[in-house]
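For reference, the structure is listed below as structure tokens.
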There are 2 protein chains.
Amino acid sequence: MEALPRETVVDVLEGRLREDILAGRHPAGSYLPPERRLADGYGVTRTTLKHAFGRLVQAGLLETRHGVGTRVRDFARLGGADLLPMLVRHSPDWFGEIFEVRRDVGALIAERAAARATRAQQGELRELLDAVRTAESADAVQLADVEVHRALARATGNRVYVLLTNTLFNAYLPVRAALVGPFTEPAAAHARLAPVVAAVEAGDGDAARRAAEAYLTATERIMLDGPA
Amino acid sequence: MEALPRETVVDVLEGRLREDILAGRHPAGSYLPPERRLADGYGVTRTTLKHAFGRLVQAGLLETRHGVGTRVRDFARLGGADLLPMLVRHSPDWFGEIFEVRRDVGALIAERAAARATRAQQGELRELLDAVRTAESADAVQLADVEVHRALARATGNRVYVLLTNTLFNAYLPVRAALVGPFTEPAAAHARLAPVVAAVEAGDGDAARRAAEAYLTATERIMLDGPA
DNA sequence: GTGGCTCAGTGGCTCATCCACTGAACCAGC
DNA sequence: GCTGGTTCAGTGGATGAGCCACTGAGCCAC
């Protein structure tokens, strides 16, 4: 049971500004109006606006220069993967590309995990896989699936793969209710995922890569198109 | 010629807080002192502290709950790739892992680019490769190299690969002066990179993957160990 | 044991003000 | 005519005080 999301004024304002930017209403290179004017226009204080700006600056959508103003960055060219949640919220046509990368990188991770997993990590994978089968709601199955993928990333012995896995999940987990298709039946979800874990346990990199690709392709299809 | 970096109070404070967190002085799950106390302790206003907090919250190091307090997140487990610049700054032993992922993902990107690059993209790659040879400082060569990689990512036709490429570069470009070894001779840098672009132009995915791996392995070795 | 209320402490936000920086305009000197 | 110095208006960075909303713990009545 998760706490209900609560929106602050800064959240609302950030969302508004973000949508305006992503919708192209402020082209890359253009300056936004001065903070004082913008805050007045939105009916908030400048401090509140600066907090929203701070988020967009950190996300790479804006850059501010002391004494000059706040400019829209060429985020399409220069932006990082942390932008993905924002981009997905703006336009769902990002899903196809995210899933392609998820498939490619996920297969790579499974292959590395097969080569490097410790006995303890193999055991953890088994347990987390079991948790998929015993989870009691579709949402819980989905989140249990995520934990298996995190464990796979950890089993690569490369922490950057863990962070990358989280980043890809962060792209769509906020809207995961719309992508819950593959997780409505715990037994089916478990059966789809089990070959990946088995190949990693067997230390078979090729099999792990193939199994991960098959798994991610199948779940992606269900998520994008609906059940077969 | 780049503007000199300028540090604000928020920058300094964010860095201090970040170091304390990454150094484990506030373990995951623990609450930081209340904002008012912390601001007093650091000799800044609460507004300034809140800005620094905002950055760390967005980076996934902290989470704040209205009325409750600000807690350190289990960022090692849940954090995303946008944490990489912070992590590198804290501890250079991340470089090895970043470069491994850079190699794996870079090879994948080159393979996809070979399959999908348009004629216009191939032309752009050629031009950007030329810019590596004609750049006038090691720093400029290095940044020109980055532009080639961005163009490769664009040539995959998958925008998420562009963002991912930026994220990996964002991890170490702020400290790129320490990694400038492969870029001190424009002609040598160009010669190392040319086979990647050639394979992409030839539409040969296997060759592109192998060339990218060789390129990234060679440059990584120079960056980590020094010239051969 | 449960629900309602109070309270102290927390974060969220407002407001007003001052300081530091920037770019443009203007002027003096060469 | 060009360069360097100064001024000024407008920008963002930061301060400080105050009020409001939320939270969790404790207490009390039923």
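Chain naming here is simple, since letters A, B, ... match the order of the sequence lines and numbering starts at 1 in each.
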Verify the ring-centre separation between Tyr215(A) and His149(A): is it less than 6.0 angstrom?
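Yes.
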Looking at [options], which one has an atom nearest to any side-chain atom of [X]?
X	options	value
Thr45(A)	dT14(C), dG12(D), dG16(D)	dT14(C)
Thr70(A)	dG12(D), dT15(D), dC22(D)	dG12(D)
Thr48(A)	dC13(C), dA14(D), dG13(D)	dC13(C)

Checking only heavy atoms, does the side chain of Arg36(A) share a donor-acceptor pair with the base of dG10(D) at less than 3.5 Å?
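Absent.
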Could a donor-acceptor pair under 3.5 angstrom be found where the side chain of Arg46(B) meets the base of dG12(C)?
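Indeed, a donor on one side and an acceptor on the other fall under 3.5 Å apart.
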Grab the [atom1]-[atom2] distance between [X] and [N] for me, whole Å please.
X	N	atom1	atom2	result
Tyr42(A)	dT14(C)	OH	P	15 Å
Phe53(A)	dC13(C)	CZ	P	16 Å
Leu49(A)	dT11(D)	CG	P	13 Å
Arg71(A)	dT11(D)	CZ	P	16 Å

Short side-chain N/O contact from [X] to OP1 or OP2 of [N], under 4.0 Å:
X	N	answer
Thr47(A)	dC15(C)	no
Lys50(A)	dG13(D)	yes
Arg37(A)	dG10(D)	no

Judged by modelled atom types alone, do Asn170(A) and Thr167(A) share a side-chain donor-acceptor pair under 3.5 Å?
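Distance-only check fails for Asn170(A) and Thr167(A).
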Side chains of Arg102(A) and Thr219(A): do they bring a donor and an acceptor to under 3.5 Å?
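A donor-acceptor contact under 3.5 Å links the two side chains.
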Suppose we screen for salt bridge (charged side-chain N to carboxylate O under 4.0 Å, His left out). Which residues come up paired with Arg126(A), at least two apart in sequence or across chains?
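With neighbours one apart ignored, the set is Glu201(A).
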Return whichever of Asp11(B) or Gly67(A) has its heavy-atom-nearest nucleotide of DNA chain D closer to the 5' end.
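Counting from the 5' end, the first nearest nucleotide belongs to Gly67(A).
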Remember a base hit wins even if backbone is also touched, and classify Thr8(A) as base, sugar-phosphate or nothing at under 4.0 Å, heavy atoms.
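Contact class for Thr8(A): sugar-phosphate only.
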Do the charged groups of Arg150(A) and Asp145(A) touch, with an N to O distance under 4.0 Å?
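No salt bridge links Arg150(A) with Asp145(A).
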Ring-base stacking, His66(B) with dG12(C) (5.5 Å, 30° cut-offs):
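So no, this residue does not stack on that base, at least one cut-off failing.
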